[in-house]
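When reading the values below, keep in mind they use all heavy atoms of this one structure, side chains included, and skip hydrogens, waters and symmetry mates.
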Amino acid sequence: MVIFYGESEKGAVFMNLNRVMHEIKYAYAKMEAFNEYYDVNVLLLETILNNKLNNGEILNDIYENGKNGVHRAIAMLYDYIKGERKIISGLKSGELILPEKAKQILQGIKTEKQAGILYASFPLEGQFNVVIKKQRGAVFKADNITIKPHDNKFLLINPMAVYGNENYSIAFRSFDESFGFAIMYGPSITGAKGKNMLKVSYFDPEAYYIDDASKYRNASEFGEGID
């Protein structure tokens, strides 16, 4: 067993931790839901280092078993975040499954576009942890951002950036983890090449919901220049 705590030599601990970080980074592991709300690799590392899931066994598992250990850890992390929530998806049906609050937020998003540059503002108010993701692993994360309805504009598509015209997601969640709202632009569930869609997700203490945003509003402006 690899010892990460206690009387181990600092240099050895550092090298072991580097290996664990490498395994997490290149396992490309995902949770079954909630991925859009977190920098999953960072969250996993911080969670296991702070012993929120166990007393250090996960670190040893990853060190000794590589990607298999990472996937076991991700499954534990998912269960920890999900808690007692139900997972409700409308992606494969025509049913409208979003709660009224989620519909109102989605329908209230305002967009501004010029020369292919897309900004979005949201009808949200309060303090939120914000995560914006792009392809190629780019993640922007900011905690405790104060947001007022449509006062904050977020850049979602930027053709002036090297990889600006790529899939993206933006997610807001409350500090107490009782609320989350996100939109995610990317490949459709059909898997057909060149077919993209805007997904919307929402969670409250009871459930996590995910659906096709085009059921609730015209979503075409969210993908112009990407499709």
Side-chain angles (χ1 to χ4, degrees), residues 33-40 42-43 81 85 88-91 95-135 138-188 196-227:
F34 297 96
N35 292 284
E36 61 272 25
Y37 293 97
Y38 303 94
D39 184 332
V40 176
V42 171
L43 178 63
I81 291 173
R85 293 185 180 98
I88 302 173
S89 174
L91 292 175
E95 184 181 358
L96 303 180
I97 57 94
L98 290 181
E100 189 61 33
K101 183 176 181 179
K103 294 179 188 177
Q104 292 175 357
I105 298 171
L106 176 62
Q107 294 166 354
I109 299 173
K110 295 181 180 180
T111 60
E112 298 178 27
K113 192 162 190 177
Q114 186 175 24
I117 300 171
L118 176 68
Y119 288 93
S121 61
F122 295 78
L124 295 169
E125 185 166 13
Q127 285 190 303
F128 299 93
N129 297 334
V130 182
V131 174
I132 300 175
K133 295 186 179 183
K134 302 285 284 185
Q135 289 295 312
V139 179
F140 167 83
K141 176 179 177 291
D143 292 342
N144 297 323
I145 299 297
T146 299
I147 295 177
K148 295 183 178 180
H150 302 296
D151 273 9
N152 311 79
K153 296 195 303 183
F154 296 90
L155 179 62
L156 300 181
I157 300 176
N158 179 13
M160 299 302 292
V162 176
Y163 302 116
N165 286 334
E166 293 193 338
N167 304 338
Y168 62 84
S169 68
I170 178 169
F172 305 85
R173 74 180 194 278
S174 61
F175 184 74
D176 64 1
E177 309 286 336
S178 65
F179 163 87
F181 177 86
I183 56 173
M184 302 148 281
Y185 193 83
S188 72
N196 291 330
M197 69 185 301
L198 182 71
K199 299 175 186 176
V200 54
S201 72
Y202 172 88
F203 72 82
D204 57 24
E206 285 74 43
Y208 167 96
Y209 305 83
I210 186 167
D211 208 352
D212 178 352
S214 67
K215 293 180 183 179
Y216 306 89
R217 63 168 291 167
N218 182 352
S220 60
E221 70 261 42
F222 292 93
E224 291 179 10
I226 295 180
D227 292 335

Q: Backbone N or O of E36 within a donor-acceptor pair of the S169 side chain at under 3.5 Å?
A: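 Not at all, since once roles are kept as given, no pair shorter than 3.5 Å links the two residues.
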Q: Might you point out which heavy atoms bring A115 and P159 nearest each other, and give the distance in Å?
A: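 So the minimum-distance heavy-atom pair works out to O-CG, 3.6 Å.
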Q: Counting C-beta onward and ignoring hydrogens, is there a side-chain heavy-atom pair between R217 and L106 closer than 4.5 Å?
A: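 With C-beta onward as the side chain, the pair touches.
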Q: What I'd like to find out is whether the side chain of F140 reaches to under 4.5 Å of the side chain of K134, using heavy atoms alone.
A: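 The answer is no; the side chains never approach within 4.5 Å.
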Q: Any heavy-atom pair between the side chains of K101 and I105 that's under 4.5 Å?
A: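 Yes, at least one pair of side-chain atoms sits under 4.5 Å.
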Q: Got a donor-acceptor contact below 3.5 angstrom from the K199 side chain to the L91 backbone?
A: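 No: the side chain of K199 does not pair with the backbone of L91.
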Q: Hey, could you give me the OG/CG distance between S188 and L198, rounded to the nearest 0.5 Å?
A: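 The distance works out to 12.5 Å.
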Q: Measuring from atom CD of Q127 to atom CZ of F175, what distance do you get when rounded to the nearest 0.5 angstrom?
A: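 Between Q127 CD and F175 CZ, I get 9.5 Å after rounding to 0.5 Å.
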Q: I'd like to know whether F154 forms a side-chain contact (heavy atoms from CB on, under 4.5 Å) with V130, so could you lay out the CA-CA distance, the side-chain angles of the two residues, the decisive distance to 0.1 Å, and finally the verdict.
A: CA-CA 10 Å; F154 296 90; V130 182; 4.2 Å; yes
Q: Take N152 and F122 through the test side-chain contact (heavy atoms from CB on, under 4.5 Å) and record every step on the way to the result.
A: CA-CA 8 Å; N152 311 79; F122 295 78; over 6 Å; no
Q: Got a donor-acceptor contact below 3.5 angstrom from the S214 side chain to the N218 backbone?
A: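 Here the side-chain-to-backbone pair does not exist.
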Q: Do L155 and L118 come close enough that some side-chain heavy atom pair is under 4.5 Å?
A: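 No, every pair of side-chain atoms sits at 4.5 Å or beyond.
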Q: Between N129 and N144 (side chain of the first, backbone of the second, donor and acceptor by atom type, cut-off under 3.5 Å), is there such a pair?
A: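 A pair under 3.5 Å: yes.
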Q: Can you name the closest pair of heavy atoms from N167 and P187 and give their distance?
A: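 In this case the closest contact between N167 and P187 is ND2-CD, 3.4 Å.
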Q: What's the separation between atom OG in S121 and atom NZ in K148, rounded to the nearest 0.5 Å?
A: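 NZ of K148 is found 15.0 Å from OG of S121.
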Q: Are M184 and S201 close enough that some pair of their side-chain heavy atoms sits under 4.5 Å apart?
A: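 Yes, their side chains come closer than 4.5 Å.
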Q: Measure the spacing between CG of L96 and CG of D212 and express it to the nearest 0.5 Å.
A: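 Reported value, rounded in 0.5 Å steps: 10.0 Å.
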Q: Measuring only between side-chain heavy atoms, which start at C-beta, is Y168 closer than 4.5 Å to I132?
A: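 Result no, sub-4.5 Å side-chain heavy-atom pair not found.
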Q: Please indicate whether Q114 has more than 12 foreign heavy atoms, meaning atoms of other residues, nucleotides or ligands, lying under 6.0 Å from its CD.
A: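 No, not enclosed.
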Q: If you measure from the Lys or Arg side-chain nitrogens to the Asp or Glu carboxylate oxygens, is any gap between E112 and K153 under 4.0 Å?
A: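 Yes, charged N to carboxylate O under 4.0 Å.
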Q: May I ask you to decide if the ring planes of Y37 and Y208 are parallel, tilted or perpendicular, using 30° and 60° as cut-offs?
A: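 The rings of Y37 and Y208 stand perpendicular, inter-plane angle above 60°.
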Q: Would you check, one step at a time, whether the test side-chain contact (heavy atoms from CB on, under 4.5 Å) holds for F128 with T146?
A: CA-CA 7 Å; F128 299 93; T146 299; over 6 Å; no
Q: Can you name the closest pair of heavy atoms from F181 and V200 and give their distance?
A: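 Distance-wise, the nearest heavy atoms are CE1-CG2, 3.6 Å.
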Q: To the nearest 0.5 Å, how far apart are CD in Q107 and CD in E100?
A: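 Going from CD on Q107 over to CD on E100, the span is 7.5 Å.
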Q: Report the distance from atom OH of Y185 to atom CG of N196, rounding to the nearest 0.5 Å.
A: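 Between atom OH of Y185 and atom CG of N196 there are 4.5 Å.
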Q: Parallel, tilted or perpendicular: which describes the rings of Y202 and Y209, with under 30° parallel and over 60° perpendicular?
A: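 Correct class here is tilted.
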Q: Please name the pair of heavy atoms, one in P205 and one in R85, separated by the smallest distance, quoted to 0.1 Å.
A: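 Closest heavy-atom pair between P205 and R85: O-CG, 3.5 Å.
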Q: In sequence, state the C-alpha distance, the side-chain angles, and the governing distance for I210 and S89, and then conclude on side-chain contact (heavy atoms from CB on, under 4.5 Å).
A: CA-CA 5 Å; I210 186 167; S89 174; 3.7 Å; yes
Q: Donor-acceptor check, side chain of H150 to backbone of G108, threshold 3.5 angstrom: yes or no?
A: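 Present.
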Q: Is there a side-chain contact between T111 and L156 (heavy atoms, below 4.5 Å)?
A: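 Contact flag for T111/L156 side chains = no.
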Q: Hey, are the side chains of D39 and V131 touching, using non-hydrogen atoms and a 4.5 Å cut-off?
A: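 D39 does not reach V131 side chain to side chain.
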